[in-house]
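Report on the following structure.
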Amino acid sequence: MNDFHITVISPSKKHLDAIVDAVHGVSFAASINAVEGSLQVLASRINQTVPDVLIVDSACDGRSDLEPLEQLGHLYPNMAFIVLCEQQSPDFLIQAMRAGVREVLPSPINAEALKAALDRIQHKLGFAPRKQGKILSFISCKGGSGATFLAANLAYALAQGGKKVALIDLNLQFGDALLFLSDQKPATTLTDVARGIHRLDPALLEASMVSVDRNLSVLAAPEDPAHGMEVKPDHIDALLKLARHQYDFVVLDVGRNLDAQTIKALDHADMIFTVLQITLPFIRDGKRLLDVFRTLDYAKNKVQLVVNRFEGGDIGLKDLEQSLGNKVMYTVPNHYDAAATSVNQGIPIAKLARNSPITKTLQEWSEALAREPEQDGGSWITRVFKRA
């Protein structure tokens, strides 16, 4: 985010100091310039650094103060004005509105009123602090690994921990992540969002999702596999950029196809959870998948191995790590009966079997994620310049 520039002008040193102190209490005010004097004094300096907001401590004499502001408004249409005055007569307020002044506040300064006015201006100008949620992507090394089950149930665990979570099903041909959490039928799917991508905003995104829980929403995959072809990489790019700013966690179930759409999603991911079981076919396909990720220049800590249905056996975790060249970050114990019942009934396992070891693991996993700082795996263009 660029610096947010605020200039404060007052003929009174005492008032000027009080206003500056109040503005300093607003966290996003990155740059403050204080000018003691009149608007005429400011006119000779304003070309050097044009502020985003000009705060004028005025005597509210009417046209004598408003005419210079009106002129500045014509010269700098993106500049916002806040006028402070002791007496706010209806006539002055009307004149101020005609001159382009949208915020007239009492003087001496009221910090709460000032903050509210600056917040409104901040949002209008696009300087609002934006949420930077984490994007977690789940991908199977081989069919039947349980990646969709883990993605859906981890999303539910994060939501139960008080986080605002979106689960987006990017398995464009055969996605069924919603079925793991609910029997609701989606009115709209990812294809509908892609078709209306030019008007995508937070309200449309929310309206396109199925609400599974107070903090958990699901964007379903296309019901017809043919419709998945309508979803393009730039659609996914726009969707994930918006979703990151609306949710604490965005959980992606990307299926197994390493196409342009999947790679675009993986580029956005802060963490890629690569799900496998400890059998030779999974290990062989896991090695191939990790080789692809290395070719894409994903950071090693971005790709995290998850062993599902773990219960020990002929191949140990150390053998697996040595073979794949990556450390296993999470092991999910085998509790087949509870997991199968959860899938068959479309109910999160934490809701159906609270004492299951899978539930406990997912709870610990979600708590660990909620504590972790944000990571940046970088986009493909970032990686190209990094290599250069």
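The first residue in the sequence is number 1, and the count goes up from there.
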> Which pair of non-hydrogen atoms, one from Q304 and one from N301, has the smallest distance, and what is that distance?
Replying inline: NE2-O, 3.3 Å
>> Taking the cut-offs as 6.0 angstrom to the six-membered ring centre and 45 degrees off its axis, would you call K134 and F249 a cation-pi pair?
In response: no
>> Looking at every non-hydrogen atom in both residues, tell me the closest pair between R256 and G143 and how far apart they are.
In response: CD-N, 3.5 Å
> Between CD1 of I283 and NZ of K287, what distance do you get to the nearest 0.5 Å?
Replying inline: 11.0 Å
> Is it true that a side-chain atom of K300 and a backbone atom of G325 form a donor plus acceptor pair closer than 3.5 Å?
Replying inline: yes
> Taking NZ, NE, NH1 and NH2 as the nitrogens, is one of them in D57 or K14 under 4.0 Å from a carboxylate oxygen of the other?
Replying inline: no
>> Same cluster or not: M97 versus L93, using hydrophobic residues (I, L, V, M, F, W, Y) connected whenever any side-chain heavy atoms lie under 4.5 Å apart?
In response: no
> Could you give the distance from CD1 (I32) to CD1 (I19), rounded to the nearest 0.5 Å?
Replying inline: 11.5 Å
> Do L239 and L190 have side chains that get closer than 4.5 Å, going by heavy atoms?
Replying inline: yes
>> Working note: H227 + R195, criterion side chain to side chain contact (heavy atoms under 4.5 Å, CB included); need CA distance, chi angles, decisive distance, verdict.
In response: CA-CA 10 Å; H227 292 165; R195 289 169 180 165; 4.1 Å; yes
>> With side-chain contact (heavy atoms from CB on, under 4.5 Å) as the test, pick out the partner of L219 among V193, V250, D192.
In response: V193
>> If hydrophobic clusters are built from ILVMFWY residues whose side chains come within less than 4.5 Å, do L75 and M79 share one?
In response: yes
> Between the main-chain N or O of H268 and the side-chain N or O of R244, is there a donor-acceptor pair closer than 3.5 Å?
Replying inline: yes
> Would you say I168 and L179 are hydrophobically clustered, going by side-chain heavy atoms of ILVMFWY under 4.5 Å?
Replying inline: no
>> Strictly below 4.0 Å, N to O, side chains only: are D291 and R288 in salt-bridge contact?
In response: no
>> With side chain to side chain contact (heavy atoms under 4.5 Å, CB included) as the criterion, how do H5 and N33 come out once you've worked through the C-alpha distance, each side chain's angles and the decisive distance to 0.1 Å?
In response: CA-CA 8 Å; H5 296 283; N33 180 34; over 6 Å; no
> Can you name the one residue among L305, T148, L150 that meets side-chain contact (heavy atoms from CB on, under 4.5 Å) with V275?
Replying inline: L150
> Does the pair L118 and I82 meet the rule for a side chain to side chain contact (heavy atoms under 4.5 Å, CB included), with working shown?
Replying inline: CA-CA 9 Å; L118 288 173; I82 297 176; 3.8 Å; yes
> Is the side chain of S342 donor-acceptor paired with the backbone N or O of I347 at a distance under 3.5 Å, no angle test?
Replying inline: yes
>> Working to the nearest 0.5 angstrom, can you tell me the gap between I315 CD1 and Q277 CD?
In response: 12.0 Å
> Using a distance-only test with no angle check, is there a side-chain donor-acceptor pair under 3.5 angstrom linking T341 and N344?
Replying inline: no
>> Working to the nearest 0.5 angstrom, can you tell me the gap between D297 CG and R294 CZ?
In response: 12.0 Å
> Under a 4.5 Å cut-off applied to non-hydrogen side-chain atoms, are Q261 and L170 in contact?
Replying inline: no
> If you group Ile, Leu, Val, Met, Phe, Trp and Tyr by side-chain heavy-atom gaps below 4.5 Å, do L280 and L320 land in one group?
Replying inline: yes
> How about N308 and F282: do any of their side-chain heavy atoms sit closer than 4.5 Å?
Replying inline: no
>> We want to know whether E367 and Q363 form a side-chain donor-acceptor pair, criterion being a heavy-atom distance below 3.5 angstrom.
In response: yes
>> So for atom CG, which belongs to D314, do other residues, nucleotides or ligands contribute more than 12 heavy atoms lying within a distance under 6.0 Å?
In response: no
>> Within the 4.5 Å heavy-atom criterion, are F293 and I139 side-chain neighbours or not?
In response: yes
>> Looking at every non-hydrogen atom in both residues, tell me the closest pair between A113 and L105 and how far apart they are.
In response: O-CD1, 3.9 Å
> Minimum heavy-atom separation for T7 to P51, with atom names?
Replying inline: OG1-CB, 3.4 Å
> Can you tell me how far the CD1 atom of I197 sits from the CD1 atom of I236, to the nearest 0.5 Å?
Replying inline: 9.5 Å
>> Pairing donors with acceptors under 3.5 angstrom, does anything connect the side chains of S356 and H335?
In response: yes
> To the nearest 0.5 Å, how far apart are OG in S140 and CG in L276?
Replying inline: 9.5 Å
> Would you call H245 and Q132 a side-chain contact if the rule is heavy atoms closer than 4.5 Å?
Replying inline: yes
>> Between L181 and L352, is there shared hydrophobic-cluster membership here, with clusters defined by ILVMFWY side-chain heavy atoms closer than 4.5 Å?
In response: no
>> Check this for me, if you would: do K163 and D248 make a salt bridge, where the nitrogen-to-carboxylate-oxygen distance has to be below 4.0 angstrom?
In response: no
> So do L54 and Y76 actually touch side chain to side chain, heavy atoms under 4.5 Å?
Replying inline: no
> What pair of heavy atoms forms the shortest contact from Q184 to S211, and how long is it?
Replying inline: NE2-O, 3.1 Å
> Less than 4.5 Å apart, any side-chain heavy atom of V20 and any of D17?
Replying inline: no
>> Can you tell whether the side chains of D267 and K264 come within less than 4.0 Å, N to carboxylate O?
In response: no
> Does the pair D237/K241 count as a salt bridge with the N-to-O cut at 4.0 Å?
Replying inline: yes
>> Check whether N215 reaches the backbone of A159 with its side chain - one donor and one acceptor, N or O, closer than 3.5 Å.
In response: yes
> What closest approach, in Å, do P348 and N153 show between heavy atoms, and which atom pair accounts for it?
Replying inline: CA-OD1, 3.4 Å
> Given Y247, which of L205, V165, L158 fulfils the side-chain contact (heavy atoms from CB on, under 4.5 Å) condition?
Replying inline: L205
> Which word best sums up how the rings of Y330 and F273 line up, parallel for under 30°, tilted for 30 to 60°, or perpendicular for over 60°?
Replying inline: perpendicular
> Do V212 and L167 have side chains that get closer than 4.5 Å, going by heavy atoms?
Replying inline: no
